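One is the number of the first residue; the rest follow in order along the sequence. Every number for a ligand or one of its atoms is a count from 1 in the order of the listing. Small disclaimer: the values here were computed from a predicted structure and weren't measured.
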Amino acid sequence: MSVLVTDQNAAATATIETAVSDNPEALAAGGVLTIDLAALRANYQIISKAISPTRAAAVVKADAYGLGADKVAPQFYAAGCRDFFVAHLSEALKLQPHIGKDAVIYVLNGLQPRTEKLCADSNIVPVLNSLEQVRNWVDLSRSLNRKLPALLQLDTGMSRLGLSEQELQELLANLSLLEAIDVKFIISHLAAGDNVQSPQNHAQLERLQAALKLLPHYAVAFSNSGGSFMEHNYHFDLARPGIALYGGAPQENRPNPMQPVVSLQVRVIQCRTVPANTLVGYGGSYETKAETRIATIAVGYADGWPRHLSNKGSAWYGDVRLPVIGRVSMDSITLDVSALPEGTLKLGSLVELIGPHQTLEQVAQEAGTISYEILTSLGNRYHRIYINDILA
Ligand SMILES: *Cc1c(COP(=O)(O)O)cnc(C)c1O
């Protein structure tokens with residue numbers, strides 16, 4: 001049997017191979033993670049267009065979903081983004097030097113006690129998630145004789161962060177608290193934004209609208225990636241997309257309108273041919289049925305490749321699918337490469353794990369998880385290449 005490897009992905013892999021072939025650092029790593037900065041900027045534009053005239057922020061928490069906030073955020077800034085969301089104050093402080101001074105950084109996880117002064121001095125805007133946090137921010141505002149900026153989060157049905165119904169009532173009875181601070185946006189978060197069919201979306205929208213009627217007029221930020229592709233009444237003044245910017249599908253069971261950002265190529269570290277009835281990998285969980293050519297590649301669960309893809313996932317070489325056989329180890333995976341002509345793969349060859357043949361979403365689905373988890377788990381052992389840098 002012989003399979004011709006001719007398609008354009010082989011060309012893409014060859015391009016990456018050429019790009020890294022004289023780079024000792026790239027050759028010393030187990031794989032090459034390519035991050036397309038043009039695709040990031042294009043995705044920001046796609047979302048901006050979908051929600052226009054609503055403004056789009058960029059959620060760059062968890063090191064920009066694992067892709068490197070210091071590299072990624074400036075691209076969004078260059079694309080016109082001026083609102084950046086992170087989870088922790090520590091992330092905000094790290095991000096600040098990498099974007100323009102006219103950009104605002106918001107901290108989703110809220111205001112930790114004894115960080116109020118640091119937050120205010122650094123011009124970082126906290127999301128106030130409880131009445132206790134409102135009071136702490138008000139106290140500092142009053143002592144500085146300055147209305148400190150903040151976002152106010154309402155829990156509209158996720159029971160995770162934000163003022164409860166009861167806390168909102170208490171706040172409404174103490175409106176002077178809101179007069180002491182500068183509320184830039186009321187925010188809330190969709191629990192099922194990735195599923196347009198979920199009745200939870202509309203229920204949350206209604207709860208938000210009811211709360212807004214009781215409050216003084218403020219701008220509103222509600223939608224995540226999923227919500228950004230729902231009807232315009234979900235968009236309000238500012239959207240907070242994350243995953244879609246990074247190429248993930250904003251909504252499940254719908255075509256993905258985003259451009260792929262990440263591709264992953266991994267090195268072959270050994271090839272062998274074994275006879276039928278040979279056990280492969282930890283626990284001998286796979287036994288060959290016939291003579292099998294095996295390639296071992298340099299990626300494992302320590303690189304965020306899910307162990308759940310043992311005997312399940314695959315890699316690709318050109319158009320040829322190479323199934324994983326045996327368990328995913330910490331630093332390596334074994335592939336059945338019998339479908340390729342002998343000698344096609346050699347020590348140092350690259351195979352595709354995320355790319356045109358196997359999207360991020362497909363990997364996530366096969367692993368029983370979501371694209372968010374795949375991205376944020378990728379780890380730092382890969383050699384990273386950032387392509388199409390508008391700022392370089
Ligand atoms: C993570 C997060 C987002 C971004 O969500 P995506 O689904 O990645 O678009 C927006 N808002 C809040 C509060 C978040 O925690």
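- From Gln251, atom CD reaches atom CG of Asn256 across 10.0 Å, with rounding to the nearest 0.5 Å.
- In this structure, Arg384 CZ and Leu378 CG are separated by 6.5 Å, a value rounded to the nearest 0.5 Å.
- Between Leu40 and Tyr246, some side-chain heavy-atom pair lies under the 4.5 Å cut-off.
- Between the CD1 atom in Ile354 and the OG1 atom in Thr359 there is a gap of 9.0 Å [rounded to 0.5 Å].
- Note that OG1 of Thr344 and NZ of Lys346 are 7.0 Å apart. Values are rounded to the nearest 0.5 Å.
- Neither Phe85 nor Ile186 shares a network with the other; the hydrophobic side chains, linked directly or stepwise wherever heavy atoms of I, L, V, M, F, W or Y lie under 4.5 Å apart, form separate groups for each.
- Sorted by chain then number, the residues whose non-hydrogen atoms approach ligand 1 to under 4.0 Å are Val59, Lys61, Tyr65, Leu108, Arg160, His189, Asn224, Ser225, Arg240, Pro241, Gly242, Ile243, Tyr372.
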